[in-house]
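Written below as structure tokens is the structure these notes are about.
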Amino acid sequence: MMRTGMFLPWVVLASWLANVAQGIPVAGSHGPRLPLPRRTVAGVSVVDTPLVQAAQQYMRDHSNDGMYRHVMRTWLFGTLMVSNNATLAGLVDAEVQAVSLLLHDLGADRSPGSPLISPDRRFEVDGAIAARDFIRDHRDGRRWDKHRVQLVWDAIAFHTEQKYALYKEPDVAVVSTGVMMDFVGPNSGVTSIQYAAVVNEFPNDDLRDNVRDLFTWLCSTKPISTYDTFQQAFGERFVANYSAIGNRTIDLVFGPE
């Protein structure tokens, strides 16, 4: 079922387009760029720079099979959304988008003793920090300016919070939209045929179970990062003895019930 509000609002996009038409600079408008190398995955033409290749492998090394398929689907959905819209294609930094989507779930690495995972930060923030470190450690990433690195950080940190992401730079908004498309189905210019081709290459039959397993793991292993977030509901439903009472904002203001 499609849920309005779960994907890029066209009223926001219309505002960007109007500004571009009037020659008004918009956040995320990068100007002319050199063409990037590309390859085809599941019928989708994707960016194929050394940094993007390394990001794909890095995520493969830090994810299980189900998570990796989710990441690949979101990358392809996000790429299709932008490539199907010439104006968005002129606004979005394709390499920033690719790296952000490929690494957006680094904070969900469940390898024992993973250096990417903190005991108390939200998984989105862990992922944003890990992605920033990855870029700074890569030979080509070290040539990125601070703004591009910050766009990746923001895109990953806000990817589950569309109430914020959709009102930031287009590069940030399209990452959140690409991620959410894996849950709500084709939208934002991605056709049903294109969507089905991606799912055929990277099946999503385990998506629901993987989502439950991830968020119950977070609620079990670092519950403090889940209070007052959408993840709290997973703890309350699936994790024995989980309780946010005493840790919610309302408890800080009025005291626990």
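- With hydrophobic clusters built from ILVMFWY side chains whose heavy atoms lie under 4.5 angstrom apart, Val125 does not share a cluster with Val149.
- Tyr227 does not carry Arg248 over the face of its six-membered ring by the limits of under 6.0 Å from the centre and within 45° of the normal.
- Ring planes of His159 and His104: perpendicular class, angle over 60° (limits at 30 and 60°).
- Side chains of Arg121 and Ser225: a donor-acceptor N/O pair is absent below 3.5 angstrom, by distance only.
- Within a 6.0 Å sphere centred on CG of Leu36, heavy atoms belonging to other residues, nucleotides or ligands number more than 12.
- One hydrophobic cluster holds both Tyr58 and Val46 under the rule that ILVMFWY side chains link at heavy-atom gaps under 4.5 Å.
- Within 6.0 Å of the CG atom in Asp205, the count of heavy atoms belonging to other residues, nucleotides or ligands exceeds 12.
- More than 12 non-hydrogen atoms from other residues, nucleotides or ligands lie less than 6.0 angstrom from CZ of Phe202.
- Aromatic ring orientation, Phe230 versus Phe234: perpendicular (interplanar angle above 60°, classes split at 30° and 60°).
- Ion pairing between Arg142 and Asp137 fails under the 4.0 Å rule for side-chain N and carboxylate O.
- Counting heavy atoms of neighbouring residues, nucleotides and ligands inside a 6.0 Å radius, atom CD1 of Ile250 does not exceed 12 of them.
- The pair Asp213-Arg208 does not count as a salt bridge, with every side-chain nitrogen at least 4.0 angstrom from each carboxylate oxygen.
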